[in-house]
Number of protein chains: 2
Amino acid sequence: MARNCRFAVAVHVCAVLTLRRDDPPATSDWIAKSVNTNPVVVRRLLSALGKAGLVKSQRGTSGGSALAKEAAAITLLDISRAVDEDEGPPLPQQEPNPACPVGANIRPILTDILDRAEAARDRELQRTTLADIAASIRARLAP
Amino acid sequence: MARNCRFAVAVHVCAVLTLRRDDPPATSDWIAKSVNTNPVVVRRLLSALGKAGLVKSQRGTSGGSALAKEAAAITLLDISRAVDEDEGPPLPQQEPNPACPVGANIRPILTDILDRAEAARDRELQRTTLADIAASIRARLAP
DNA sequence: CAGCAATGTAATCATAGTGGTTACATATAC
DNA sequence: GTATATGTAACCACTATGATTACATTGCTG
């Protein structure tokens, strides 16, 4: 998993947008207050989410952002892919020694394993949608 | 997944030790040449693997390292846990705004999701042992 | 149309993590 | 006792991250 917090913050941002359905679009300023960070950080994420087609933003007065699709149609994997650009598997950039039987053969084996591990993680993220997140939050609000 | 290469290098190191079963213990110098890195980097990993009980090392002349268990009894998850110390889920250290319904409730939800994703990855890593890695390498050596 | 309010994005900065390297103390075989 | 190996601390260069400032751009609204 990526060691940054972009995914976590992006889910938070999207959760805000989901709970604000039917309300005027949320400004990056407003969202930033909920996340407790700088509005530009939020706008960067919204920009990435927008390029992925998950969110649409409007400039100008009474502008802001809203989901571009149904909450049930956006999975956490979509969000992860949108904000965490695809770096390959975490292998050393220095190639191993091809003169050693291990060095000559370990690379594709490691790539395969790391890809499989990431696929497992992805499958898990794909199982949850923004609608599920919203439901979890609502459940905690009115117990 | 961690964004460092420790896991990948550690698997390489362990693969070397596995293929050298019944040979004199491997020195960090020798292993480093296979990985194509500095011996100290290898020793750091061997130290962590040793503390996890996966490897044993011997100082002094004709010293070196060897597996502490059967290769079939060491999973890639064991190696990952040994060299990538457990940082929690990647959440922002700045707590979200408790006055917002989302900010007040998103934290445990995110933790749950990230834990689940990591568990899926772990389950995948657990399915492969060092014996499997060694077999894959041997298969590529004599096709 | 004027002006305000919002996004989009570049540039900069402090901080932290990573891996490579040197150095040296310690242990062990011969 | 000496050569050889591990175990670690210390330091360095490089990179990623997230916060921040600044400013251009867009669009509503009076």
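Below, read A as the first sequence line, B as the second, and so on, with proteins coming before strands; counting in each chain starts at 1. Just so we're clear, the structure is a prediction, and the values are computed from it rather than from any experiment.
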_salt bridge (Lys or Arg N to Asp or Glu O under 4.0 Å): pairs with one or both residues in residues 130-143 of chain B, sequence neighbours excluded_ = none

*Check against side-chain contact (heavy atoms from CB on, under 4.5 Å), A:Leu67 and A:Leu54*: CA-CA 6 Å; A:Leu67 294 186; A:Leu54 308 181; over 6 Å; no

Would you be so kind as to tabulate the donor-acceptor pairs closer than 3.5 Å made by side chains of residues 24-33 of chain A, with sequence neighbours excluded?
unit_1, atom_1, unit_2, atom_2, d
A:Thr27, OG1, A:Trp30, N, 3.0
A:Ser28, OG, A:Arg43, NE, 3.1

*Summary of protein contacts for nucleotides 21-30 of chain C, nucleotide by nucleotide, where a base hit scores B, a sugar-phosphate-only hit scores S (4.0 Å, heavy atoms)*: BBB--BBBB-

_Over all atoms of both residues, closest heavy-atom pair of A:Ala134 and A:Leu19_ = CB-CD2, 3.6 Å

*Would you call B:Leu114 and B:Pro90 a side-chain contact if the rule is heavy atoms closer than 4.5 Å?*
yes

_Closest contact, heavy atoms only, A:Pro96 versus A:Gly103_ = CG-O, 3.4 Å

*Is there a residue in residues 45-55 of chain A whose heavy atoms reach under 4.0 Å of DNA chain C, and which residues are they?*
A:Ser47, A:Lys51

*asked:* According to side chain to side chain donor-acceptor pair (under 3.5 Å), does anything in residues 108-120 of chain B pair up with another residue at least two apart or in another chain? List the pairs.
replied: B:Asp112-B:Arg116

*Tell me, with the steps shown, if A:Ile113 and B:Ile133 meet side-chain contact (heavy atoms from CB on, under 4.5 Å).*
CA-CA 10 Å; A:Ile113 286 163; B:Ile133 301 284; 3.4 Å; yes

*Does a salt bridge link B:Asp122 with B:Arg81, judged by any charged N lying under 4.0 Å from a carboxylate O?*
yes

*Which pairs with one or both residues in residues 89-106 of chain B pass side chain to side chain donor-acceptor pair (under 3.5 Å), sequence neighbours excluded?*
none

_Return the CD1 to CG distance between A:Ile79 and A:Leu49, rounded to the nearest 0.5 Å._
6.5 Å

*asked:* Show the nearest heavy-atom pair for residues A:Thr129 and A:Ala71, with the distance to one decimal.
replied: CB-O, 3.8 Å

*For the helix from C:dC1-D:dG30 to C:dC30-D:dG1, what is the angle between the axes at its two ends, each from 5 pairs, rounded to 10°?*
10°

*Could you note down all residue pairs passing side chain to side chain donor-acceptor pair (under 3.5 Å) where residues 59-80 of chain A supplies at least one of them, sequence neighbours left out?*
A:Ser57-A:Ser65, A:Thr75-A:Asp78, A:Ser80-A:Arg121

*Which pairs pass side chain to side chain donor-acceptor pair (under 3.5 Å) with one or both residues in residues 14-24 of chain A, sequence neighbours excluded?*
none

*Looking at DNA chain C, which of residues 2-35 of chain B put a heavy atom within less than 4.0 Å of it?*
B:Asn4, B:Cys5, B:Arg6

Name the atoms and distances for all side-chain donor-acceptor pairs under 3.5 Å in residues 6-17 of chain A, with sequence neighbours left out.
unit_1, atom_1, unit_2, atom_2, d
A:Arg6, NE, A:Val83, O, 3.4
A:His12, NE2, A:Ser34, OG, 2.8

*So where does chain B start and stop touching DNA chain D, 5' to 3', when the test is distance under 4.0 Å to a non-hydrogen atom?*
D:dA3 to D:dA10

